[in-house]
Amino acid sequence: MTPRSAPPRVLTVAGSDSGGGAGIQADLKTMLALGTHGMSVITAVTAQNSLGVHGAWPLPATAVIAQFRAVVDDIGVQAVKTGMLASAELVEAVAGLLRPLDVPVVVDPVGVSKHGDALLAHDALDAVRHRLLPVATVATPNLDEVTQLTGVTVTDESGLRTAAAAILALGPQWALIKGGHLPGDALDLLTDGITEHWLRAPRLDNSHTHGTGCTLASAIAAGLAADRTVPDAVAAAKDYVTGAISAGFALGSGIGPVDHGHRLRGGGDGAAVLG
Ligand SMILES: Nc1ncnc2c1ncn2[C@@H]1O[C@H](COP(=O)(O)OP(=O)(O)O)[C@@H](O)[C@H]1O
Ligand SMILES: Cc1ncc(COP(=O)(O)OP(=O)(O)O)c(N)n1
């Protein structure tokens, strides 16, 4: 029997969310839903549910480096996504591992959870700015992360351009500024400083949005691993996350997760538009 050819391989370097809505768990579910083989380097363990983060324990840098080497040196990767990196030491270590790797890297510079819990030490911001963002193919900050990293505050759609310029100045090839925290349509701006792509979706009236950022970044990495261009991968990822938010469900007594399996359950995507 002829062996089947392997699907595109995608690696997430992120923290574990015990509730299964964000972090490594969201990333691997997204990667499977989008037809890729997901692999993981766990940077930290969190005790987390729909009400918030109740504890977080970063792993030693040696454990992070060993997981990364085990995957990359044997199986190989075609794209990487980074999420929660917890400490300056882990940001430095991960940036050092990614620098020589010749594959697209999606950096979600996770700072704070939806509930306001810190997922990155304050003294790690400089390492994110000067070590991690320069190795990113695409950086995907939300508006709070834009402010943390650049000092730019965005209060309306016109501010997304200023935010993108400030993020691009830190070195990623593309900036995807997520406007999910603004009122009105869910509008994001993707730019490499030359071209601009506006991604607009209707704001969905669903409070179960835990994991939106992780899901979007992982979907982009899945698209890049499958050889899509950055604008195509981002447009497809926006469709996927819009569908996942639309199908998000109530689990626990707080903010429930988006539904990573919505396509498997027959749900359609949202009407996101790439302009
Ligand atoms: N209520 C919503 N309806 C539709 N899209 C949303 C909604 N909330 C967030 N999004 C979209 O989800 C993606 C993740 O954005 P965001 O929630 O801002 O990220 P994060 O989880 O990092 O805070 C973006 O594409 C954003 O526009
Ligand atoms: C372990 C872990 N990593 C990242 C996050 C933040 O995820 P995000 O997709 O931004 O979703 P919300 O926390 O904003 O719902 C997390 N919570 N846990």
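Bear in mind that the values here come from a model prediction, so they are computed numbers and not experimental data. As the structure lists them, so they are numbered: ligands from 1, and atoms in each ligand from 1. For the numbers below, each heavy atom of this structure counts, side chains included, while hydrogens, waters and symmetry mates do not.
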Legend entry - Ionic contact status for Arg263 with Asp239, cut-off 4.0 Å: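 A salt bridge is absent here (no side-chain N lies under 4.0 Å from a carboxylate O).
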Protein heavy-atom partner closest to [atom] - residue, atom, separation in Å:
| atom | answer |
| --- | --- |
| atom 12 (O) of ligand 1 | Ile245 CD1, 3.7 Å |
| atom 23 (O) of ligand 1 | His181 NE2, 2.7 Å |
| atom 8 (N) of ligand 1 | Arg203 NH1, 4.0 Å |
| atom 11 (O) of ligand 2 | Gly211 N, 3.2 Å |
| atom 17 (O) of ligand 1 | Thr212 OG1, 2.9 Å |
| atom 15 (O) of ligand 2 | His210 ND1, 2.8 Å |
| atom 18 (N) of ligand 2 | Gln48 NE2, 3.1 Å |

Pull out every atom of ligand 2 sitting under 4.0 Å from any heavy atom of [X], numbered as shown with elements.
| X | value |
| --- | --- |
| Leu119 | 4 (C), 5 (C), 6 (C), 16 (C), 17 (N), 18 (N) |
| Ser113 | 13 (O), 17 (N) |
| Ser16 | 1 (C) |
| Thr212 | 9 (O) |

Inset, instruction - Consider only side-chain heavy atoms of I, L, V, M, F, W and Y, link residues closer than 4.5 Å, and tell whether Val110 and Leu143 are in one cluster. - result: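 As far as the 4.5 Å side-chain criterion goes, Leu143 and Val110 are not connected within one cluster.
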Inset, instruction - Could you establish whether Glu145 and ligand 1 come within less than 4.0 Å of each other, counting only heavy atoms on the residue side? - result: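 Outside the 4.0 Å threshold, so no.
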Inset, instruction - Could you tell me if any non-hydrogen atom of Asp188 lies under 4.0 Å from any atom of ligand 1? - result: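 The answer is yes: ligand 1 sits under 4.0 Å from a heavy atom of Asp188.
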Inset, instruction - Only heavy atoms count here, so choose which of Gly180, Ala201, Pro202 is nearest to atom 4 (C) of ligand 1. - result: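 The option holding the nearest heavy atom is Pro202.
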Legend entry - Among Cys214, Gly15, Pro257, closest by any non-hydrogen atom to atom 9 (O) of ligand 2: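 Shortest heavy-atom distance from atom 9 (O) of ligand 2: Cys214.
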Atom indices of ligand 1 within 4.0 angstrom of [X] heavy atoms, with elements:
| X | answer |
| --- | --- |
| Lys114 | 21 (O) |
| Lys178 | 14 (C), 15 (O), 18 (O), 19 (O), 20 (P), 22 (O) |
| Gly213 | 19 (O), 20 (P), 21 (O), 22 (O) |

Inset, instruction - Indicate yes or no: does an N/O atom of Leu204 lie under 3.5 Å from an N/O atom of ligand 1? - result: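 So ligand 1 has an N or O lying under 3.5 Å from an N or O of Leu204.
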Inset, instruction - Measure across Gly193 and Leu168 and return the closest heavy-atom pair with its distance rounded to 0.1 Å. - result: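 Nearest pair, atom of Gly193 first, then Leu168: N-CD1, 3.4 Å.
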Inset, instruction - Give a yes or no answer on whether the side chain of Gln78 reaches the backbone of Arg9 with a donor-acceptor pair at less than 3.5 Å. - result: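 Checked: pair present.
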